[in-house]
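Below is one structure, written out as structure tokens; comments come after it.
Atoms within a ligand are numbered from 1 in the order they appear, just like the ligands themselves.
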Amino acid sequence: MKYTHIQSKTALHKLRPGRLPFDYDLNLYRGCAHGCIYCYAMYSHQYMESEAYFDEIFIKENIAEILEKELHTKKKGKINLGGVCDSYQPIEVTAELMPNVLKSLIKHKTPIVISTKSDLLLRDIELIKELSELAEVNIAATITTMNEDIRKKIEPGTVSSERRFQMLERLKKETNANVGVHLMPIIPYLTDTRENLEEIYRRANEIEADYVLPGIMYLRGKTRNVFFEKTEKLFPNEHEKLKKMYAYKYDRSPYKKALYTYINELRKTYGFNHSNKIDKKIKSNEQLKLF
Ligand code: SF4
């Protein structure tokens with residue numbers, strides 16, 4: 001693993017209005033050591049002139065300072081932390097960028113969304129609690145599977161899904177944040193079993209999550225090639241079926257219809273049959289870039 005410290009010129013990246021339920025993206029890092037085989041954000045490394053999205057991480061060591069300047073001058077709106085990386089990936093243990101970022105957000109009473117696959121976020125629970133009492137805070141754990149063997153293959157650098165649920169449970173009890181589960185991407189043949197989907201909804205209900213946001217996997221650009229390289233080695237029995245399902249002209253609509261019919265049953269059973277501010281604004285789950 002290679003880590004490179006860089007100075008960032010800007011912090012907040014303005015998003016096209018109306019498409020997503022936040023106004024800006026804020027990325028503390030470039031690259032992500034969580035290594036998810038379906039990661040949609042791999043494309044972002046082209047701007048760093050690097051191919052090694054999972055293995056070469058750029059640390060924006062001045063990010064809190066630049067953010068403070070931008071919040072102080074002009075930029076107002078809801079911020080999504082981690083559009084193309086996970087803010088709580090392993091290097092955050094020592095880099096400690098988030099505490100100063102959160103202090104600046106507290107100072108400016110800025111609403112935020114964080115989605116993560118790490119319970120390192122609990123290190124900053126007091127700061128998150130403080131911000132959640134001043135502004136809208138939405139914390140989501142992305143949870144794709146309760147099968148640890150599969151989780152270790154598809155998200156090798158992450159903590160277990162159960163630890164992510166326990167993180168949400170604590171946040172729900174100890175802060176004023178909205179907490180949710182991003183059940184995405186749902187990967188055909190790997191994470192789409194009834195048992196897996198039901199267990200995720202059941203645990204979300206048990207910990208009193210505010211919402212569950214499901215979404216089927218999409219594959220584009222660099223992600224597509226990396227995903228199939230990995231599945232060939234890791235899931236030889238499912239690899240060909242996945243290739244067929246994700247062939248360019250393959251009609252996935254019958255599959256999607258059956259999947260979402262089952263998900264709607266789960267929503268009713270487990271009390272998530274309502275929309276919230278996050279999923280109301282999402283036009284298409286396949287387009288969603290939140291995980
Ligand atoms: S946690 Fe998110 S950004 Fe990091 S590798 Fe996984 S999908 Fe990509």
Original post:
Would you say the side chains of Y29 and D86 form a donor-acceptor pair under 3.5 Å?
Top reply: no
Original post:
Which atoms of ligand 1 sit under 4.0 Å from any heavy atom of C32?
Top reply: 1 (S), 3 (S), 4 (Fe), 5 (S)
**OP:** Report the relative orientation of the aromatic rings in H182 and Y211; use parallel for angles under 30°, tilted for 30 to 60°, perpendicular for over 60°.
**Re:** tilted
Original post:
Which of the numbered atoms in ligand 1 are below 4.0 angstrom from a heavy atom of K117?
Top reply: 1 (S), 2 (Fe), 6 (Fe), 7 (S)
Subject >> atom 6 (Fe) of ligand 1 contact by C39, N, O or S atom under 2.8 Å >> reply: no
Original post:
So is Y40 in contact with ligand 1, going by heavy-atom distances below 4.0 Å?
Top reply: no
Original post:
Which atoms of ligand 1 are found less than 4.0 Å from any heavy atom of G35?
Top reply: 5 (S)
Original post:
Numbering the atoms of ligand 1 from 1, which are under 4.0 Å from a heavy atom of C85?
Top reply: 3 (S)
Subject >> Pair K2 + E56: basic N to acidic O under 4.0 Å >> reply: yes
Original post:
Think K222 forms a cation-pi with Y43, using NZ or CZ under 6.0 Å from the six-ring centre and within 45 degrees of its axis?
Top reply: no
Subject >> Y53, portion touching ligand 1 at heavy-atom distance under 4.0 Å >> reply: side chain
Original post:
Will you find, in the side chains of Y248 and R224, an N or O donor that is under 3.5 Å from an N or O acceptor?
Top reply: yes
Subject >> Residue that, paired with S104, satisfies side-chain contact (heavy atoms from CB on, under 4.5 Å) out of I66, T110, L67 >> reply: L67
